> 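Provided herewith is a single structure, encoded as structure tokens, for subsequent inquiry.
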Amino acid sequence: MFTRNRKIGLALAAVIFVVDQVVKWLVDGPLGLEYQGDKLELLPFFDLTRVHNFGVSLGMLEATSIEMRYALVALTAFIALIVAIWMMRERVLGDILGLGMILGGALGNIVDRYRLGYVLDYADLHIGDFRPFLVFNVADAAITIGVVIILVRSLFVREKDTDEMDAESVPSEN
């Protein structure tokens, strides 16, 4: 069940989860971004800006009550479980890596939502006043990159299943 590729996927998920939580701890603690909107300018195009995200992707499904908060925790945990099961069924490393990124990011955001009641976002990319993205975090980036990997692989990469390869290697009787 735990093949080499699956172990790599689980390790990637764990690394993303830990990095996400450490960076959020730094933002929340040592870097001193205590309140919503606090900002630390790092580069001309990148700031750390504390944002509390009470919703999911793009602020949708915003949790405005304690019941909605835990419903979102349950919903996202269910999705993470589906991703984990999917990852355990996959054999191809490329797909497993994408799913591992999604799983690690999902777990990081689930912990925030459960512990804080919101997801802590902080990465603020901009060109002057133009912001091509909403403020995000490591978990969000990992989820997005993982989804892109899965989509690109499913649309443009066709790897033969080992059963198909075995069937093709057997000479036909014609």
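Source: prediction; values computed, not measured.
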> Membership question, hydrophobic clusters at under 4.5 Å side-chain separation (ILVMFWY): are Phe156 and Ile145 in the same one?
no
> For Pro30 and Trp25, work out which heavy atoms get closest and say how close.
CD-O, 3.4 Å
> Do Leu48 and Leu43 share a hydrophobic cluster (ILVMFWY, side-chain heavy atoms under 4.5 Å, transitive)?
yes
> Within a reach of under 6.0 Å around OH of Tyr114, are more than 12 heavy atoms found that belong to other residues, nucleotides or ligands?
no
> Working note: Val119 + Phe136, criterion side-chain contact (heavy atoms from CB on, under 4.5 Å); need CA distance, chi angles, decisive distance, verdict.
CA-CA 9 Å; Val119 173; Phe136 61 96; over 6 Å; no
> Cluster question for you: counting only ILVMFWY and a side-chain heavy-atom cut-off of under 4.5 Å, with indirect links fine, are Ile143 and Ile85 together?
no
> For a quick test of reading the model, state the closest non-hydrogen atom pair linking Ala80 to Ala106 and the distance between them.
CB-CB, 4.2 Å
> Can any side-chain N or O of Tyr122 pair as donor or acceptor with the backbone N or O of Val138 at less than 3.5 Å?
yes
> Could you tell me the separation between the CG atom of Leu103 and the CG atom of Leu12, rounded to the nearest 0.5 Å?
9.5 Å
> Would you say that more than 12 heavy atoms from the other residues, nucleotides or ligands in this model lie under 6.0 Å from the CZ of Phe46, or not?
yes
> Considering non-hydrogen atoms only, spot the tightest contact between Phe54 and Gly117 and give its length.
CD2-O, 3.4 Å
> Work out which heavy atom in Leu42 is nearest to a heavy atom in Asp47; give both atom names and the distance.
N-OD1, 4.0 Å
> Between Arg131 and Asp124, which heavy-atom pair has the shortest distance, and what is it?
NE-OD1, 2.9 Å
> Using side-chain heavy atoms (C-beta onward) and a distance below 4.5 Å, is Val135 in contact with Leu125?
no
> State, with a plain yes or no, whether a side-chain heavy atom of Ile8 is found less than 4.5 Å away from one of Leu93.
yes
> Going by heavy atoms in the side chains, are Val92 and Arg153 under 4.5 Å from each other?
yes
> Test Arg50 against Asp38 for salt bridge (charged side-chain N to carboxylate O under 4.0 Å, His left out), laying out the working first.
CA-CA 5 Å; Arg50 185 182 182 114; Asp38 284 354; over 6 Å; no
> Side-chain heavy atoms nearer than 4.5 Å, only ILVMFWY residues, links allowed to pass through others: does that put Val15 and Val23 together?
yes
> Would a 4.5 Å heavy-atom cut-off, applied to side chains only, mark Asp121 and Asp140 as touching?
yes
> Can you check whether Tyr118's main-chain N or O pairs, donor with acceptor, with Arg69's side chain at less than 3.5 Å?
no
> Would you confirm whether Glu90, through its side chain, and Ile96, through its main-chain N or O, come within 3.5 Å as a donor-acceptor pair?
no
> For a side chain to side chain contact (heavy atoms under 4.5 Å, CB included) with Gln21, tell me which candidate from Asp112, Leu26, Ile16, Leu107 qualifies.
Asp112
> Quick one, Phe17 and Ile110 - any side-chain contact, counting heavy atoms below 4.5 Å?
no
> How far apart are the C-alpha atoms of Ile102 and Ile150, what are their side-chain angles, what is the distance that settles it, and do they pass the side-chain contact (heavy atoms from CB on, under 4.5 Å) test?
CA-CA 10 Å; Ile102 295 167; Ile150 296 297; 4.3 Å; yes
> Are Leu155 and Val157 joined in one hydrophobic group, where the rule is that I, L, V, M, F, W and Y side chains link up if heavy atoms are under 4.5 Å apart?
no
> Do the non-hydrogen side-chain atoms of Met101 and Ile149 ever get within less than 4.5 Å of each other?
yes
> Charged N to carboxylate O under 4.0 angstrom, Lys24 versus Asp20?
yes
> Identify the residue among Val83, Leu99, Leu10 that makes a side chain to side chain contact (heavy atoms under 4.5 Å, CB included) with Met88.
Leu10
> Report yes if the side chains of Leu120 and Asn137 come closer than 4.5 Å at any heavy-atom pair, otherwise no.
no
